[in-house]
Amino acid sequence: MSVTARSIVVVAATFVALAAARADEVTIGSKNFPESYLLAEIAAQWLERDGHVVERRFGFGGTKVAYEALLGAEIDFYPEYSGTILSAILDGAELANDIDTINAELAKQALVFTGQLGFNNTYAVAVRRDDAEREGWRRVSDLAATDDLRFAFSHEFLQRNDGWPGLAAAYRLPRKATGIEHGLAYRALANGDIDVTDAYSTDGDIARFDLVLLEDTLNYFPRYDAGWLAGQSLAPAVRARLDALTGQLDDAGMRDLNARVVVDGLSFAEAATEFVNRLDGSSAAAPSRTGEPALWPLVLRHVQLTLAAIAAATLAGFALALATYRSARASGALLYIAGLIQTIPSIALLALMIPLLGIGFVPALVALFLYALLPVLRATLTALAAVEPVHRQVAAAMGMSGQQEFMHVLLPLALPHALAGIRTAAVISIGTATLAAFIGAGGLGEPIVTGLALNDTRMILSGAIPAALLAVGTDLAFDVLERRLVPPHMRVSR
Amino acid sequence: MNVFASGAPTLVLDDVSKSLGNVQVLSHLSVDIDGRGGTALVGESGSGKSTLLALALGLLRPDTGSVTLFGERLDDNNVRAVRQRIGYAVQEAGLFPHLSVRDNLTLQGRLQGLDRAALNVRADELAERMRLDSAMLGRYPVELSGGQQQRAGICRAMMLEPTLLLLDEPFSGLDVVTRIDIYKHFIELASSREAGFVLVTHDLSEAHRLCEHVAILRHGEIIAHGRTAEIIANPPHAYARELVEAQRLHVSHG
């Protein structure tokens, strides 16, 4: 057995062993916004106190990603909302928004929506508390009686079918409304610049800005009841433990818990511990390992990811360029395809990888590879096309074989530009690799994604600064490489 | 002496036709060249002289007919071996820009696994005989003047003592003083050994200076082939006469 074959067997055996070890572990996912992190962390601690071993794979970059991770058995469950399941997972189906109907549909995909916590995180209409008390507003319909209110809504809410147009019609509100960035709306409302805006009903900022949510008496907004979306194969003990959380968290409770994180600055783990302590009457401390992630493993993973992608793109780019550079049509087609891939937004490309390759390292690697291909390919093709025919003629006349011609003529002549292309690809990849955290590939994107969800600048910087340093370091390394490999008059950079 | 598969510097084209794109460049051309003493292929651009050289190197294959070098008919199997016995020099030298001049000279030998030290000695010797300052050997081609590059290009072609030198207008684009100097040293080198050379040029006076024989090409046909002195003294064809006249005009005005 060759060394390669043997190492393949060893690696495969390791994977099998890891998979077996994982069998009695529960893997919990979350999406990348604070409430999802918080709910997932609550579930994690709740299960841990019951003796389960939990793996946290938090921060998936969207419903689609989390859903595919679930289908691919990469995770066992994650927090989800009934309205989201209807619109994003069972999309197109005209279904009633109730748990039984949803579960009947989900059963076709061997999924289950269980353990509804008791709160409904839907759209809501927010006003200032003093206005509400002075005018006696309690319901959305109360606003119809007052003229000259300044309505300002997030752009998405203004556009959505189930947003402002329908709401205004249902409650006979004036149709005049302006758009405002959601992140600014609460402050504008609190400052008195506007009078009414849209909100999420469990948003932690509601309390911070002393706002009041008006009751949707017509049940105009779809329900977004929170629960756990799980595979039907979820271990009965785990499911029973999750179902024990049913009805334990109402709108106000979730709002307060969110505020503990986004307003009071607690970590997800700390806020979750407060809640879980209240549930079981203990006073345990928050588990520490879910706090600040250690830097070096993240850097290492980041470097692994980009290095592997660049190495693959360099090999493939050179091979493809060599195979096609003699034909303008073939190389043109290749560049066109590579360019087309480049135009796919990176988060979309990552999401496209999931049905094919699942989540984690491999799909992230493939996506990064595809992005790195264009700069390498373009630079190499340009460089090969620029090789003067006379040099190839002289090489042939010297009796060089094809391989000798490549090693001694084509490669060194194309190297300066190819190297510049690889350099560009590498620097771009280090940046793009931060997005790999969205599909659970780890790396320096992890603190960035979590920090973004938390609006925690320190955490964002703890990922962004090393990533930037890595990019600068890589650029410098290529400088050194160029000095070593390329004679001065052929260098591309300065 | 056996001329078949011999050391004789012969290039024979037998009934060769060659089209490039839809242009018939050579049509049923037959020529028998003995490179000893030098043969010039003279013609204006488009006359087919560069195509003929590319056929001799096996860079192009004839559509019909055959190309025979040193008594060996050129085919896919022997083309690399035959090329090892050819030295090739081109206009503007064609030195590899990523290699020092010395590495340019020794590359072919190194690829054949020849002793590096011996190759360096040979490079030094040739450079001296072509009056190329030995300090230039350590430099990149881009740091050399056009004349120096051309001297280096000729040295490179002669490194492995080829049986036949194929020279594609290597002296054009140089100033007269440099050119005359290079002629002198080239002739000294070329005549010092039993090798031959084929020089492609559009300049009949250059042919007259360097080559004992000349073949005049026009529209893909050889219209005159013989001893250079005789052709110039007694041009056998109207176009050959024109060329001679033009060259004389050139000399008298120059």
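So you know, we letter chains A, B, ... as the sequences are listed, proteins then strands, and number each from 1.
With respect to chain A, the highest number of heavy-atom pairs below 4.5 Å among D168(B), I86(B), L107(B), V79(B) belongs to L107(B). If you tally non-hydrogen atom pairs under 4.5 Å between each of S100(B), P97(B), G94(B) and chain A, the highest count goes to P97(B). When E143(B), E92(B), Q84(B) are compared by the number of non-hydrogen pairs under 4.5 Å with chain A, Q84(B) comes out ahead.
With respect to the salt-bridge test (charged N to carboxylate O, under 4.0 angstrom), the residues E161(B) and R122(B) qualify. In this structure, K49(B) does not pair ionically with E44(B), as no charged nitrogen and carboxylate oxygen lie closer than 4.0 Å. Checked for salt-bridge contact, D479(A) and R423(A) meet the test: a charged N lies under 4.0 Å from a carboxylate O.
When atom types are taken as modelled, the side chain of T324(A) and the backbone of L320(A) share a donor-acceptor pair closer than 3.5 angstrom. Within the 3.5 Å criterion, the main-chain N or O of S331(A) finds no donor-acceptor partner in the side chain of Y325(A). Judged by distance alone, with hydrogens and angles left aside, the side-chain atoms of E482(A) form a donor-acceptor pair with the main-chain N or O of V492(A) at under 3.5 Å. Between the side chain of R491(A) and the backbone N or O of R483(A), at least one donor-acceptor pair lies under 3.5 Å.
In this structure, R156(B) is positioned above the aromatic face of F96(B), its NZ or CZ under 6.0 Å from the six-membered ring centre and within 45° of the axis.
Within the 4.5 angstrom heavy-atom criterion, atoms from both the backbone and the side chain of L111(B) approach chain A. Heavy atoms of V390(A) lying under 4.5 Å from chain B belong exclusively to its side chain. Within the 4.5 angstrom heavy-atom criterion, atoms from both the backbone and the side chain of H391(A) approach chain B. Heavy-atom distances place no part of L166(B) under 4.5 Å from chain A, backbone and side chain included. With a threshold of 4.5 angstrom between heavy atoms, M490(A) approaches chain B through side-chain atoms but not through N, CA, C or O. For a residue to count as touching a neighbouring chain, one of its non-hydrogen atoms must lie under 4.5 Å from one of that chain's; by this rule D103(B) does not touch chain A. E388(A) does not touch chain B: none of its heavy atoms, backbone or side chain, sits under 4.5 Å away. Residue V486(A) does not touch chain B at all, counting heavy-atom pairs closer than 4.5 Å.
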